[in-house]
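What's counted below: heavy atoms across the whole structure, side chains too, no hydrogens, waters or symmetry copies. We name chains A, B, ... by the order of the sequence lines, and we start the count at 1 in each one. Computed from a predicted structure; not experimentally measured.
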Amino acid sequence: MRPIYSNHKEKLSKLISGELSLIDNVSYFLKNIEKNNHLNTFNFVFEKEVLKQAEIIQDKIKNGTNGKLAGMVIGIKDVLSIKDKPTTCSSNTLKNFNAIYTATAVQKLIDEDAIIIGKTNCDEFAMGSSNENSAFGTVLNPNDNTRVAGGSSGGSAAAVSAGLCDAALGTDTGGSIRQPASFCGVYGLKPTYGRVSRYGLTAFASSFDSIGPFANSVNDLSIILEVISGKDEKDSTSADEPVTEYIKFDKKFEKIKIGVPKEYFGEGLDTEIETSIKNKINELREKEFEFVDITLPHTQYTIAAYYILTTAEASSNLARYDGTRFGHRTKEYRSLIDMYEKTRSEGFGKEVKRRIMLGTYVLSAGYYDAYYRKAQKVRRLIKDDFDKVFEKVDLILTPTTPTTAFLIGAKIDDPLTMYLNDIYTTSANLAGIPGINIPIGKDKNGLPIGMQLLANQFEEEKLLSTAQLINNII
Amino acid sequence: MAITKEQVRHVAKLARLKLSEEELENYTKELSSILDYMEKLNELDTSNVEPLTYPVGNKNVFRKDELGISVKTEDALKNAPLKNDKYFKVPKVIKSNKK
């Protein structure tokens, strides 16, 4: 039976009162993962350890020595390292790789007595918007198995949506948390760049990558963020900003001013999504929220700037997979260069190679200024758009995606069309700001519709508190 | 075409990727259409814009120069495709560079 609690706070109080047994709860999740094997959500499940851990944590709860996340069952995207466990990034290159240390974000969850149930499927090296680029197979959308779960953190989103764990960690470089959360109908949060340490995260695009949670409630996103945030000596780009309780039930959040950018409601947006979001805005307007029309004039340039900069960073980050120190090495080779070339060609999938090629090209002699430098300048213009708008409004409200979950196979042969699907999410990563997906209903095919709220850098408290207020209303 | 097959072959060499003729053809087509789309950025006059390399305030981060624990040799070698007790093993580099 699916466990009956709406968030972790409620689960923990049921565990304390004895109404819920943690061992039964963990066994339920294990059985449900097995039952839903066809969804391809998990690359690895730690069935042996989790029941033992459940016993230990159940005892801690009994003795009152438990951490904040005691008994929360969490899946971890397979790009984050856990010592002595596989970290494959869903790539053949790392199929036999076992991590030699644990990522800071994961360690912080463990330190608060969360139970890590397994590693979730994703697009190879987090490159993709559909989870079709995985050596472990395509993740199916639990709402409709003929459709994609979204990507790149598709396994994390689908696992939470299908009730295979309480929450999951994912990573968001251009929408890889918010987009699959929207497609699967769960909450997903991309924190401010630097809010969460990237130590132990396999790098894709280092000036974009952010680690964040998926859950069934804003409350759970908030408590997980509170645990995983903070300055970390092992990541010099982690922010030295105060870590607070991110949901405050403060009256001041009812006077929030929300901007609605016209560029996010134009051509390409599905009419059902548009109507559904506009209806929500009207409902909220009646409840004292103030809405104003705003403009983010450089929106149409986000995809081009994003794919130039991230592929450039990726081509550099993925240079390390050469078969020398770890990962796949080709069987036969005549020289060192031959070994590199064969190893890399065998290990990487199509989309990863495509992005390495594009990134290498835009960084190569003669093209650096025309593409890479130009895109960095446009990144400034896009960030300036947000800076100007946040002088006038507290938050920005947009659709998360232009369509609901598309059919498996529909876009995989047309990379540019696939990239354009990220139109509403990449801007937050270019500007380094936080964003959340809030599920607001379903379309006529029963597919989830997502609404995105964006805040200025390090304003997660405002973002999550308002998301919670909105939830109470709609 | 924004990019020729010969350029794609050159980029593959820079990226240390061995591509088949078919892959070369496909990437030439795909990268061309992606790069054509990227041309959009040239609509913008950015002559007076500073490039943004980093989304949040970027100041240098220092730490004390203290000795700490680093990865142990045996751990570092755990995932090595080929090794002996202390080293990663690779093909002879000097020999392979002979032209």
Check step by step if side chain to side chain contact (heavy atoms under 4.5 Å, CB included) holds for A:Tyr371 and B:Glu39.
CA-CA 9 Å; A:Tyr371 291 103; B:Glu39 287 300 315; 3.4 Å; yes

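- B:Lys78 touches chain A through its side chain: at least one heavy atom from C-beta onward sits under 4.5 Å away, while N, CA, C and O do not.
- Among A:Thr237, A:Asp322, A:Leu309, A:Asp240, the residue making the largest number of heavy-atom pairs under 4.5 Å with chain B is A:Thr237.
- Ion pairing between a basic and an acidic side chain is recognised when a charged N comes within 4.0 Å of a carboxylate O; B:Lys13 and A:Glu341 show no such pairing.
- For A:Ser315, no part lies near chain B; criterion is any non-hydrogen pair under 4.5 Å.
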Applying side chain to side chain contact (heavy atoms under 4.5 Å, CB included), run through B:Leu19 and A:Met357 and close with a yes or a no.
CA-CA 11 Å; B:Leu19 302 181; A:Met357 291 288 290; 3.9 Å; yes

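- Side-chain contact check for B:Leu82 versus A:Arg329: some heavy-atom pair is nearer than 4.5 Å.
- At a cut-off of 3.5 Å, with distance as the only test, no side-chain donor of A:Gln376 or B:Tyr54 sits close to an acceptor on the other residue.
- For A:Gln300, the CD atom is densely surrounded, since the number of other residues' heavy atoms within 6.0 Å is greater than 12.
- Here B:Leu31 contributes atom CG and A:Leu416 contributes atom CG; the two are 11.0 Å apart, rounded to the nearest 0.5 Å.
- The distance from atom CG of B:Leu14 to atom CD1 of A:Ile356, rounded to the nearest 0.5 Å, is 12.5 Å.
- Remark: A:Leu336 CG to B:Arg16 CZ distance equals 8.5 Å, nearest 0.5 Å.
- Rounded to the nearest 0.5 angstrom, B:Leu17 CG and A:Glu346 CD are separated by 11.5 Å.
- For the atom pair CD (B:Glu23) and NZ (A:Lys350), the distance works out to 8.5 Å, reported to the nearest 0.5 Å.
- A salt bridge links B:Glu30 with A:Arg354; the closest basic N to acidic carboxylate O contact falls under 4.0 Å.
- Highest contact tally toward chain B, considering only A:Asn96, A:Ile303, A:Thr192, is held by A:Ile303 [criterion: heavy-atom pairs under 4.5 Å].
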Show, in sequence, the C-alpha distance, side-chain angles and deciding distance for B:Tyr27 and A:Leu358, and conclude whether the side chain to side chain contact (heavy atoms under 4.5 Å, CB included) test is met.
CA-CA 9 Å; B:Tyr27 282 129; A:Leu358 188 59; over 6 Å; no

Verdict with supporting geometry, B:Leu35 and A:Tyr361, side chain to side chain contact (heavy atoms under 4.5 Å, CB included)
CA-CA 10 Å; B:Leu35 289 168; A:Tyr361 178 74; 3.4 Å; yes

